[in-house]
There are 2 protein chains.
Amino acid sequence: MAANETGSRTATLSDVARLAGVSIATASKALNDRDDVAVATRQRVLRAAEELSFTPNAMAKGLLAGRTGTVGLLTSDLEGRFMIPILMGAEDAFGAGQVNVFLCDARGDAIREQHHLKALLSRRVDGIIVVGRQTDPRPSLGQEIPVPVVYAYAPSDDPRDLSLTPDNYVGGRMAIEHLISCGRTRIAHITGDPAYAAAQDRIAGARAALDAAGLELVGEPMFSEWTEHWGRDAAAMLLQRHPDVDAVFCGSDQIARGVLDTARDLGRRVPDDLAVIGYDNWEVLATNSRPQLTSIDANLQQLGRQAAQRVFDAIDGVDIGQGTHHLPVRLVIRGSTIPRR
Amino acid sequence: MAANETGSRTATLSDVARLAGVSIATASKALNDRDDVAVATRQRVLRAAEELSFTPNAMAKGLLAGRTGTVGLLTSDLEGRFMIPILMGAEDAFGAGQVNVFLCDARGDAIREQHHLKALLSRRVDGIIVVGRQTDPRPSLGQEIPVPVVYAYAPSDDPRDLSLTPDNYVGGRMAIEHLISCGRTRIAHITGDPAYAAAQDRIAGARAALDAAGLELVGEPMFSEWTEHWGRDAAAMLLQRHPDVDAVFCGSDQIARGVLDTARDLGRRVPDDLAVIGYDNWEVLATNSRPQLTSIDANLQQLGRQAAQRVFDAIDGVDIGQGTHHLPVRLVIRGSTIPRR
DNA sequence: CTGTTAGCGCTTTCAC
DNA sequence: GTGAAAGCGCTAACAG
C-alpha cells in the first residue's frame with residue numbers, strides 16, 4: 001500500500017459513539033474532558049476512540065467555533081535570508097499552542113499575493129503575518145481585512161497598520177560606537193544598494209554616533225551591491241585612497257568578508273591595523289572568516305515571535321496598536337574588531 | 001481601527017442570497033458556475049456577492065467535499081539550507097492550483113513531529129510531504145496515515161514509503177569525471193562528517209569514477225566538519241603531505257571555500273595548479289569566491305516540485321509507487337576548474 | 001449523568 | 001429555473 005491509501009474512511013465521532021454505545025453528544029463530552037460524564041463512560045469512549053484512531057475533524061470544529069486555530073504567513077521572498085528566522089520565530093510562537101501556519105510565498109508578485117490573501121481568507125485564518133524581503137515599506141494589504149494583520153521586517157506603508165521592523169538606525173549607531181570604543185577614529189563605510197532604506201538608516205545612525213564623538217566618516221559611504229565582490233573592490237579603492245583608515249563599517253557580512261579578503265591581500269592585519277564590522281550576523285559567514293566577524297544581529301527570530309504574539313493578542317481582542325515599531329538589534333563581538341588574547 | 005476589527009461578521013452565502021433575493025441554493029449554483037441558473041439571476045447574485053465582499057468558507061466546503069485543498073509540509077530543520085529550496089519547489093507546484101501549504105517545523109524533535117502530524121491530520125490535509133535535513137534515512141511516519149505521504153531529501157527507512165532524494169553517488173561520480181576531463185589525475189577528497197550518508201555516497205561515486213579511469217584517490221578522504229575552517233586546515237595538511245595533487249573534490253562549497261583560501265595563501269594558482277570543485281552549489285558562496293566555484297547542484301527545488309506532484313497524483317488516486325528514488329544532480333562549471341579566457 | 005435537538009456555512013438531490 | 005430539505009462532523013444548550 002504505497003503512500004497509504006487505507007480504503008476505510010477515517011473514523012468520525014459517531015463511529016466512536018456507536019462503538020462505545022453512547023450518543024454522539026456524550027462521546028463529544030467525554031473526548032473534550034467535560035466534567036459531566038461518568039468515569040466509566042469516559043473510559044469506554046476513550047478506548048473506542050483509540051481503537052478507531054479517531055482524529056477530530058478540525059474543520060467541523062472550526063465551523064462551530066468561528067475560529068480555526070490557523071494563521072497565514074504571507075511572505076514575498078522565501079529564498080531571502082531574512083525570511084527564514086522570522087518564519088521560524090513565528091512558527092515557534094504558534095507551535096507551542098494549537099495553532100498551525102499556512103505558508104504562502106508570493107514571490108514578490110502583487111497578483112499572486114492577492115490570490116494567496118484570498119485563499120487565506122477563505123480558509124478563515126484567524127490572523128495574518130506579512131513578511132517582506134527588505135526593510136523598505138511595502139504596500140498595505142488594506143484596512144478591509146476581516147482578521148488582524150501584522151507586518152514583519154518590511155513595514156506597511158499605511159501608518160494605521162502595525163509593523164515590526166529591525167532598528168537599522170540604532171544598528172548603525174551601535175556599530176560605530178563599538179568601533180569608537182575600540183579606539184578607532186578613522187572610520188569608513190562600505191555598503192550595498194543606496195536605494196535600500198536599510199542602507200540609508202544605518203548610515204544615519206552611523207553619522208549620529210560619529211557626530212556625537214566629534215568625528216566624521218572617512219570619505220563618503222561607498223555604495224554598490226551587497227556582495228563579497230564589491231566588498232573586495234571597495235576595500236581596495238578605500239585603502240588606496242585613504243591609507244590611514246583604521247576601521248570599516250560594512251553594510252553586510254558579505255561585504256565585510258570581501259573587505260577582510262582585500263585587507264589580507266594587502267597585508268593589513270585585522271583587527272590590529274584595521275577593524276572590520278559587518279551587519280546581519282549571518283553565522284555561517286561571520287564565524288568562518290579569518291578572523292571571525294563582529295556583526296550586528298537584528299534578532300529576527302525574536303521579531304518573528306513578537307509578530308506572532310501580536311497576532312495572538314489581536315485575536316484575543318487585545319488592542320495591539322499601530323504604526324511602525326523598530327525592534328532592538330544587538331552587537332555580536334568577534335575577532336575582527338577585538339584582538340583575541 | 002488598528003489591525004482591522006471590522007465589527008460586522010463576514011458575509012455568508014445566505015447573506016448574499018438574501019441581498020440578491022434568491023434562495024441559498026440558487027446563490028450557491030450561481031457562484032459556482034452551475035449552468036441551471038438564469039443569466040439575470042446569476043448577475044444579481046454575483047453583484048450581491050461583490051457588494052458584501054463575500055468569501056466562501058473553505059471549511060464548510062471541505063466538510064462536504066471531503067477534501068480540503070490543503071497539504072502538510074513537515075520539516076525537521078527549517079534553518080537548514082536544504083529545506084528552503086525544496087519547500088519553495090513544493091510551494092510552487094501547489095501554488096499554481098487551489099492548494100495551500102501547512103508548514104510545520106518539528107525542530108528535529110520526534111515528539112513535536114508527532115504532535116504536528118496529529119494537527120495536520122485533524123486539519124484533514126489531503127497529503128503530506130516530509131522534508132528531512134540530511135540524506136540519511138529517517139524513521140517512517142508509518143503506514144497508518146490516512147493520506148498520501150512523500151518523503152523528500154531524507155528518505156524514509158521503510159521501503160514501502162515513497163522517498164525522493166538527490167543522487168549523491170552520481171554527484172560524486174560527476175565531480176570526479178569532470179576533474180578527469182580537465183586533465184587532472186592526482187585528485188584528493190576533503191569532506192565533512194563521515195557519519196553522513198551523503199559523505200559516503202559521494203565517496204563511493206567518486207571512487208567508481210576514478211576506478212573507471214584507472215586512477216586512485218590521493219591519500220584517504222579527509223573527514224571532519226562541513227566548515228570553511230576545516231577546508232582551510234585540511235588543504236594545508238594535504239598540500240604539505242601531497243604537494244603533487246592537482247585537484248581537490250570537496251564535500252561542500254564551504255569546505256571548498258576554505259581550500260581556495262589556503263591555496264591562495266600557499267601560492268597555488270586555481271585552477272591552473274590546482275582545480276577545486278565544491279558540492280551543493282550554494283550560489284552565494286560559489287559565485288563570490290575567487291575564482292568562482294565549480295560545484296554539484298542537487299536540483300532541490302525540482303525535487304520539491306516532484307514531491308508535490310507525487311502527492312497530487314496520489315490524491316487523484318494514481319499509484320505513485322514506493323521505494324527510494326534518487327533524483328539527478330547537475331554539474332555547474334565555474335572558474336575553479338576551468339581557466340577563464 | 002445522558003441523549004435529543006438545533007445549528008455552523010455550504011453543496012446537492014429532488015420536487016415544484 | 002428555482003427552492004426546500006438533507007446532511008458533512010461536530011458542539012452547545014436543553015431536557016430527561
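- In this entry the distance linking CE of Met59(B) with C1' of dC10(C) reads 11 Å, nearest Å.
- Using modelled atom types, one finds a donor on one side chain and an acceptor on the other under 3.5 Å when comparing Asp158(A) with Gln143(A).
- For the pair Phe54(A) and Ala25(B), nearest-nucleotide mapping onto DNA chain D gives the more 5' position to Ala25(B).
- In this structure, a donor-acceptor pair under 3.5 Å is absent between the side chains of Asp77(B) and Gln134(B).
- The distance from atom NZ of Lys61(B) to atom P of dT11(C) is 5 Å, rounded to the nearest whole Å.
- Note: CZ (Arg123(A)) to P (dG9(C)) measures 18 Å, nearest angstrom.
- Arg124(A) has its CZ atom 14 Å from the P atom of dC8(C), to the nearest Å.
- In terms of phosphate contacts, Thr12(B) brings no side-chain nitrogen or oxygen within less than 4.0 Å of OP1 or OP2 of dG9(C).
- Protein chain B touches strand DNA chain D; the 5'-most and 3'-most nucleotides with an atom under 4.0 angstrom of its non-hydrogen atoms are dG1(D) to dG9(D).
- One N or O on the side chain of Thr68(A) and one on the backbone of Arg124(A) form a donor-acceptor pair closer than 3.5 Å.
- In the region residues 26-44 of chain A, proximity to DNA chain D at under 4.0 angstrom, judged on heavy atoms, holds for Ser28(A), Lys29(A), Asn32(A), Arg34(A).
- Between Phe102(B) and Phe102(A), the angle of the ring planes stays under 30°, which puts this pair in the parallel group of the 30/60° scheme.
- A donor-acceptor distance shorter than 3.5 angstrom exists from the side chain of Arg310(B) to the backbone of Ile320(B), with no hydrogens or angles considered.
- When the C1' atom of dC10(C) is taken as reference, atom CG of Leu64(A) falls 14 Å away, rounded to whole Å.
- As rounded to whole Å, 7 Å separates atom P of dG9(C) from atom CG of Asn57(B).
- Taken over five-pair windows at either terminus, the axes of the helix from dC1(C)-dG16(D) to dC16(C)-dG1(D) are inclined to one another by 50° (rounded to 10 degrees).
- From Leu327(B), atom CG reaches atom CD of Gln306(B) across 4.5 Å, with rounding to the nearest 0.5 Å.
- Using a 4.0 Å cut-off between charged nitrogen and carboxylate oxygen, Asp109(B) and Arg107(B) do not count as a salt-bridge pair.
- Ion pairing between a basic and an acidic side chain is recognised when a charged N comes within 4.0 Å of a carboxylate O; Asp316(B) and Arg67(B) show such pairing.
- Here Asp15(A) pairs with Arg18(A) in a salt bridge; the nearest charged N to carboxylate O distance falls below 4.0 Å.
- A salt bridge links Arg138(B) to Glu113(B): at least one charged side-chain nitrogen sits closer than 4.0 Å to a carboxylate oxygen.
- Note on ring orientation: taking the six-membered ring where Trp is involved, the planes of Phe312(B) and Phe94(B) are perpendicular (angle over 60°, cut-offs 30° and 60°).
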